[in-house]
Amino acid sequence: MSKLNLALIVALAGAAGPAAAAADEDQQRADMQRALNAQVMSQPFDPGDMAKANAYAAEAKKANTPPVMQPPAYWVPGWTCASLSGYQYYQYNDYRNCVYYHYYYHRYW
């Protein structure tokens with residue numbers, strides 16, 4: 001085996017290493033996301049009195065009261081009102097304000 005062939009084999013083996021590591025990381029991320037999704041879906045969502053929150057939103061809109069513009073400090077972009085229940089410091093007022101903001105603007109914070 002010539003030095004050129006040996007160098008080529010070593011180079012090809014080294015090139016496969018980073019690709020394999022990236023594939024492993026992608027698989028780990030996918031597994032972690034599946035586990036997180038299963039954990040979230042295993043817990044029922046209980047925001048409290050949903051009818052009360054919807055009634056508040058309807059009354060506030062009739063009174064032309066603007067919604068709270070600032071989301072809770074723990075709000076994460078991409079969340080919906082249902083996401084609040086997964087947060088340990090969730091409060092009903094945060095859910096109610098989210099419902100009204102969505103009702104008023106047809107989008108989330």
Side-chain angles (χ1 to χ4, degrees):
M1 185 180 301
S2 71
K3 289 183 180 182
L4 181 60
N5 288 343
L6 182 59
L8 184 59
I9 291 170
V10 170
L12 289 175
D24 282 347
E25 287 179 15
D26 289 344
Q27 185 61 40
Q28 285 178 333
R29 279 193 204 105
D31 291 343
M32 289 170 45
Q33 185 64 55
R34 276 192 288 281
L36 179 60
N37 290 349
Q39 179 185 1
V40 169
M41 296 305 290
S42 70
Q43 300 171 349
F45 174 61
D46 181 17
D49 191 348
M50 290 178 12
K52 186 177 172 184
N54 290 331
Y56 169 82
E59 288 299 316
K61 191 159 186 179
K62 281 182 193 174
N64 204 23
T65 305
V68 174
M69 297 302 294
Q70 188 66 29
Y74 53 84
W75 183 264
V76 176
W79 273 10
T80 66
C81 298
S83 303
L84 292 171
S85 69
Y87 190 74
Q88 75 182 60
Y89 299 114
Y90 156 78
Q91 294 180 7
Y92 173 74
N93 288 348
D94 295 337
Y95 176 76
R96 183 199 67 193
N97 292 341
C98 180
V99 167
Y100 181 44
Y101 187 91
H102 184 260
Y103 183 82
Y104 195 89
Y105 291 112
H106 305 287
R107 60 185 164 91
Y108 297 102
W109 283 303

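A quick note: this is a predicted structure, and the numbers were derived from the prediction, not measured.
- Residues Asp31 and Arg34 have side chains in contact (heavy-atom distance under 4.5 Å, counting atoms from C-beta outward).
- A distance of 8.5 Å separates CG of Asn93 from OH of Tyr56, quoted to the nearest 0.5 Å.
- Taking CE from Met32 and CD from Glu25, the interatomic distance works out to 11.0 Å, rounded to the nearest 0.5 Å.
- Counting only heavy atoms from C-beta outward, the side chains of Cys98 and Leu84 approach each other to under 4.5 Å.
- The shortest side-chain heavy-atom distance between Tyr103 and Pro67 does not fall under the 4.5 Å cut-off.
- One hydrophobic cluster holds both Val76 and Val99 under the rule that ILVMFWY side chains link at heavy-atom gaps under 4.5 Å.
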- [ ] Go through Trp79 and Tyr108 one step at a time and tell me if the ring-ring contact (aromatic ring centres under 6.0 Å, His included) criterion holds.
- [x] CA-CA 8 Å; Trp79 273 10; Tyr108 297 102; over 10 Å; no
- [ ] List the steps and the verdict of side chain to side chain contact (heavy atoms under 4.5 Å, CB included) for Tyr74 and Asp94.
- [x] CA-CA 10 Å; Tyr74 53 84; Asp94 295 337; 2.4 Å; yes
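- Note on ring orientation: taking the six-membered ring where Trp is involved, the planes of Tyr92 and Tyr95 are tilted (angle from 30° to 60°).
- Here Cys81 contributes atom SG and Trp109 contributes atom CH2; the two are 6.5 Å apart, rounded to the nearest 0.5 Å.
- Judged by a 6.0 Å distance limit and a 45° cone about the ring axis, Lys61 is positioned over the six-membered ring of Tyr104.
- A 4.5 Å side-chain heavy-atom check between Tyr101 and Met69 finds at least one atom pair inside the cut-off.
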